[in-house]
Undergrad: 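Pasting a structure here, questions to come.
Start at 1 and go down the list; that is how both ligands and their atoms are numbered. Values in this document were obtained by computation on a predicted structure and should not be read as measured data.
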Amino acid sequence: MKKTTLLSIVTTVLCAITYSEAFAQPVSTTELYKAPLTAVAPTVDGIDSDACWNDAAWVSINNLYLGAAYTPNDFSGRYKMVWTASKIYLLAEITDDVLRDDHANPTTNYWDDDCVEIFLDENKSGGPHQTNYNAFAYHVSLAYEPVDVGTDGLPHVYTDDIFTRKVTTGNVTVWEFAINIYPDTYVYGGSNTAVTLYQGKQLGFNLAYCDNDTGVRNSFIGSRFQQDADKDRGYINADVFATLELVAGTVTSITSEEERTFSIYPNPSNGVFSINTELPIDHILVKNSSGLEVFHEIMNSSGQAHTIDLSKLSKGTYLVQLSSEGKVVSKKVILE
Ligand SMILES: [Ca+2]
Ligand SMILES: [Ca+2]
Ligand SMILES: [Ca+2]
Ligand SMILES: [Ca+2]
């Protein structure tokens, strides 16, 4: 048997193992995200070292809703969630090359400042929510102000609903959020009681990022794929939210369909590893833990294994990003 044939068989078997393992896990997709229960809530400080985060799966934020196409360095993001009886906790890792909060007043053109937009529908009813509390579209600014339109048609700050902290290293910002979940009967400024969460509960959910690099919202990117021509309906209608389900145990599965078709072997490695994917790849980009680009290759291929040699780089954790047809999928690799 020729050496190349043996290698090809080994690669095929390894791919098969990766696939079967991915599918054997409880599936957590962009359409249906399964958030695990945690006994110990994370400390909301923008540092993702809390043990509970190891139990949840990442979801990419990679669907362009509005504005200009983006590069991985301009924007890339992903998130994961866990829950307790009283709150949902969200971890978001956002790469953004320019952070701007141009409007000091949190209710002025809040969508034009860099913000994480958290869409929530407590009872997954769907339906219009622009001037009621059937659902929320919290625009959380860099200054930690969650803003949404109230029953009076005016924007308000919902400080009591969401507590958040973030840490920016290079161009990567790690956000942690503690979110109270309120029912449709919410009264702005009233004494509202957050619902008690339980295993099996389903909510409407989506996450997006408004990316301001030049003084306006240049791009608006979200986690759920939007089928309609108008991809910017989430702030007025909860029908376009995905489903968040609260589950027990660990959800370690690879998340979206694109991410299932993207595997890295071996990982950890000495710096030489293969990327196996069925995606048409435009770019392969690698960043270090400070968010700095350390490798970039422009590709025009699909359905192949790509070998990357980073053995000259120092040991540590790196982020590999594949750019494919305007979407970005990423995975961490460890060099040791
Ligand atoms: Ca933390
Ligand atoms: Ca940007
Ligand atoms: Ca609702
Ligand atoms: Ca920005």
Undergrad: Would you name the N/O/S atom of D184 that lies closest to the Ca ion (ligand 3)?
TA: OD1
Undergrad: Can you find a side-chain donor-acceptor pair between D184 and N123 that sits under 3.5 Å?
TA: yes
Undergrad: Picking from F136, Y110, Y188, what satisfies ring pair (Phe, Tyr, Trp, His ring centres under 6.0 Å) with H156?
TA: Y188
Undergrad: What N, O or S atom of D213 is found closest to the Ca ion (ligand 2)?
TA: OD2
Undergrad: Answer yes or no on whether R165 is positioned over the face of Y144, meaning its NZ or CZ is under 6.0 Å from the six-membered ring centre and within 45° of the axis.
TA: yes
Undergrad: In D96, the N, O or S atom nearest to the Ca ion (ligand 2) is which?
TA: OD1
Undergrad: Who passes ring-ring contact (aromatic ring centres under 6.0 Å, His included) against F75, sequence neighbours left out?
TA: Y70, Y209
Undergrad: Using only N, O or S atoms, tell me which atom of D211 is closest to the Ca ion (ligand 2).
TA: OD2
Undergrad: N/O/S atom of Y133 under 3.0 Å from the Ca ion (ligand 3), yes or no?
TA: no
Undergrad: Report yes or no: is the cationic atom of K231 (NZ for Lys, CZ for Arg) closer than 6.0 Å to the six-membered ring centre of F225, at no more than 45° off its axis?
TA: yes
Undergrad: Report yes or no: do E117 and W111 form a side-chain donor-acceptor pair below 3.5 Å?
TA: no
Undergrad: We want to know whether N134 and Y186 form a side-chain donor-acceptor pair, criterion being a heavy-atom distance below 3.5 angstrom.
TA: no
Undergrad: Below 3.0 Å, can you find an N, O or S atom of D97 next to the Ca ion (ligand 2)?
TA: yes
Undergrad: OD1 (N123) to the Ca ion (ligand 3) to OD1 (N134): angle, nearest 10 degrees?
TA: 140°
Undergrad: Could you tell me whether F205 and F241 have their ring centroids closer than 6.0 angstrom?
TA: no
Undergrad: Can you list the protein N, O or S atoms less than 3.0 Å from the Ca ion (ligand 1)?
TA: T43 O, D45 OD1, I47 O, D50 OD1, E176 OE1, E176 OE2
Undergrad: Strictly under 3.0 Å, is the Ca ion (ligand 3) approached by any N, O or S atom of D121?
TA: yes
Undergrad: Going by salt bridge (charged side-chain N to carboxylate O under 4.0 Å, His left out), name the pairs with one or both residues in residues 194-205, residues two or more places apart or in two chains.
TA: E122-K201
Undergrad: State which residues pass side-chain hydrogen bond (donor to acceptor under 3.5 Å, both in side chains) with N212; sequence neighbours excluded, sorted by chain then number.
TA: D102
